[in-house]
Amino acid sequence: MFDIVYQSTNARRRVFHVAGVECVVGRSRSMDLSIDSRSVAKRHAEFIQRSDGVHVKDLGSSSGTYVNQQRIVSYGPLHELDEVSLGNVSIGLQKVKLSDSVAANEVEIPQSPNPEIIHNTQDVESSSSSELTQESNDALAYWGQVVHERLLDAMDLRRKDVSRMSDEQLRAESNALIGEIVSSLEGEFPEELDVTALHNHVLNESVGLGPLEAFLADDTISEIMVNNHKEIFIERNGRLELSPIHFSSDKTVYSVIERIITPLGRRLDESSPIVDARLKDGSRVNAVIPPLALKGPSLTIRKFPKHRLDFSILESAGSLSQDMVDFLQVCVEQRRNIVVSGGTGSGKTTLLNLLSAFIPHQQRIVTIEDAAELKLDQPNLVSLESRPSNSEGNGQITIRDLMKNALRMRPDRIVVGECRGGEAIDMLQAMNTGHNGSLTTVHANTPRDVVSRLEVLVLMGGIEIPISAIREQIASAVDIIIQQNRLSCGKRKITQITEVVGVESGTIQLQEIFKFNSRGLDNEGNTIGNFEASGFIPTFYESLRSQGVPLSIDAFSRSNENEQR
């Protein structure tokens, strides 16, 4: 705890007692210390008590925070003789007392048992380089917030009607204003700050997606996860890592979310704090804001690949074998009903896209999704997307509503992005009433779990059906279950292909056709193993051969012993 003494121009000195270890100062009434002065930003600076004393940090104010007439980003520990200036307000400290919470968090750093040990020079250089990089990132974040705030002020002064500008006009106008602001501040920038990077950083935050622009352009990154404005995690080559760059404030994260959802007619506010959307390239977006997200607005983007994948790429990556590809092609072309199952991020939608490519071009396809992600090349294609309710709670169109309507659209095939509710019963009925060759995905860990999951989803539809009748429906409707898993090494593989062969004694019978046998991990932590056939020939093969369809059964009588990594 500590006391802050502050004084505005031509006003008397006042004392503010800080009971805890943090104090945020600004013009807003929600601040710990609210100062009614136009020269003070809404959130101007933060005082933090640490074990060595009180530190001050500027929160990106346009007028800046000064200690002893020197502009600072962060400074500390403060001496009682130091003068902190926020606009026309002078602040000093007195009666600094070590808080109990600070004392409890103090940790004594143990000394090296052998003082003669000298660290490796390379390690020291690496540490030094890391510190410089961190300083550069901190400076970029701080000055980015300063320039961004001045940009907003400049837009207000020039009375720019941003809502009527096109994206190109807004970007050009912002680019010019940022250039003017950066030029006016150039003498105050620290040496380690890259001015070009600062310009691009502010431009992207103002009219683009901020620091996410670089991640979206990087083909090695498959997923972007924003926990709050200070924490951005990325998935690169199947592994998660913390990004060194971040947003300047929660406000900029809100702005990015608004830019994504506004063109799609979606809304995000306290009454509707969760939204699903997509980017122009088809990447899936999910956003959650306070009060549900406790750490600040959260954003998750699952990137859509720029280049269309095909099974040859998956085969070369070790996700499945050529025998499995040939079998799946027969299943799709011969109108088998297929369910792709797996966990979150296992690649279900990607696989569904690839399977859909086997559908003949002369057939009519209707796709149904929450957020449109499927990209099919067939000419006779209708894509339907669900719609959330409006601000009055009306107008919602669910996946189930779209399923019922799709049956009236004369589809040859129905492709449902994911069954997650009562639409499962409509999907099963469609599969059982002439719409053979339909495809969908389900969240499940094994083929056996798929059956249980479908039973639960049907019951969620609110229709009272005996469980025995539900199982008969599932066994009659679903022909093939493809299990796709994301392994511990980050690689995605098809671990099982299973046929649903019928119901016996009230239990749905499954027969494994292909599976992936794991043999452990190699020296780099990658899973090794091989794909092999079980020796079971699918029951529908005999009927297809009797119809004159040329089929080979060699793939089911031999094992693929080639190791996959």
Side-chain angles (χ1 to χ4, degrees), residues 133 137 140 167 171 194 196-197 199-201 203-205 207-227 231-247 253 256-257 259-260 263-264 276-287 298-320 325 340 342-357 369 371-377 417 441 484-494 522 524-527 564-565:
T133 303
N137 289 332
L140 183 66
D167 290 344
R171 193 171 189 88
D194 185 337
T196 303
H199 187 116
N200 294 333
H201 172 75
L203 183 63
N204 287 333
E205 271 204 345
V207 297
L209 301 184
L212 306 187
E213 293 279 358
F215 300 143
L216 291 170
D218 189 341
D219 292 338
T220 64
I221 295 175
S222 56
E223 197 144 3
I224 305 165
M225 293 145 279
V226 181
N227 294 348
E231 291 180 12
I232 302 178
F233 282 84
I234 57 175
E235 182 187 72
R236 193 192 303 272
N237 299 323
R239 299 179 187 273
L240 294 181
E241 57 186 75
L242 176 64
S243 165
I245 60 176
H246 48 76
F247 287 93
V253 183
V256 166
I257 296 173
R259 286 188 208 109
I260 293 172
L264 302 175
D276 287 310
R278 66 181 185 280
L279 300 180
K280 292 179 180 178
D281 65 354
S283 298
R284 183 191 303 175
V285 178
N286 173 267
S298 175
L299 179 67
T300 307
I301 300 177
R302 182 168 299 165
K303 288 176 60 179
F304 192 84
K306 294 180 180 178
H307 306 290
R308 186 178 178 87
L309 296 177
D310 56 37
F311 276 111
S312 62
I313 296 176
L314 293 191
E315 185 187 354
S316 62
S319 295
L320 76 173
V325 175
V340 179
T344 301
S346 61
K348 299 186 300 297
T349 304
T350 299
L351 181 58
L352 195 63
N353 252 321
L354 296 178
L355 292 172
S356 301
E369 300 173 85
E373 294 178 83
L374 296 172
K375 303 291 182 183
L376 277 63
D377 291 334
T441 70
Q484 177 140 333
N485 288 333
R486 181 179 172 187
L487 307 182
S488 58
C489 62
K491 300 289 181 68
R492 296 167 174 86
K493 292 184 184 292
I494 294 179
D522 62 13
E524 298 177 355
N526 295 317
T527 302
Q564 304 290 333
R565 294 179 182 272

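- A donor-acceptor contact under 3.5 angstrom links the side chains of R236 and T220, judged on distance only.
- Two residues are said to be in side-chain contact when any heavy atoms from C-beta on lie closer than 4.5 Å; L212 and F215 meet this criterion.
- Although no hydrogens or angles enter the test, the distance criterion places a donor-acceptor pair under 3.5 Å between the side chain of Q484 and the main chain of S346.
- Between N526 and C489, the shortest heavy-atom distance links the atoms CA-CB, 3.8 Å.
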TODO: Quick one: do L487 and K493 satisfy side-chain contact (heavy atoms from CB on, under 4.5 Å)? Show the steps, please.
DONE: CA-CA 7 Å; L487 307 182; K493 292 184 184 292; 3.6 Å; yes
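- No salt bridge links R259 with E213; every basic N to acidic carboxylate O contact stays at or beyond 4.0 Å.
- Checking side-chain atoms of T300 against main-chain N and O of M225 turns up no donor-acceptor pair under 3.5 Å.
- Note that CG of L374 and CG of L352 are 5.0 Å apart. Values are rounded to the nearest 0.5 Å.
- With sequence neighbours excluded, the residues that form a side chain to side chain contact (heavy atoms under 4.5 Å, CB included) with S283 are L279, D281, I301, K303, F304.
- Summarising the geometry of I257 relative to S298, their closest heavy-atom pair is CD1-O, 4.4 Å, with the distance given to 0.1 Å.
- The shortest non-hydrogen separation linking H246 to P244 is CD2-O, 4.1 Å.
- Rounding to the nearest 0.5 Å places CZ of F311 at 4.5 Å from CG of L355.
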- [ ] Could you please spell out the steps behind the side-chain contact (heavy atoms from CB on, under 4.5 Å) verdict for T349 and R284?
- [x] CA-CA 11 Å; T349 304; R284 183 191 303 175; 3.3 Å; yes
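- Listed here is the closest heavy atom pair of I232 and I245: CD1-O, 3.8 Å.
- Under 4.0 Å is where a charged nitrogen must lie from a carboxylate oxygen, and between E373 and R278 no such pair does.
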TODO: Begin from the C-alpha positions of L314 and I494 and carry the test side-chain contact (heavy atoms from CB on, under 4.5 Å) through to its verdict.
DONE: CA-CA 10 Å; L314 293 191; I494 294 179; 6.0 Å; no
TODO: Show your working on side-chain contact (heavy atoms from CB on, under 4.5 Å) between L376 and N353 and close with a plain yes or no.
DONE: CA-CA 7 Å; L376 277 63; N353 252 321; 3.8 Å; yes
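- Residues R492 and S319 come closest through the heavy atom pair O-OG, 2.8 Å.
- To the nearest 0.5 angstrom, D276 atom CG is 5.0 Å from N286 atom CG.
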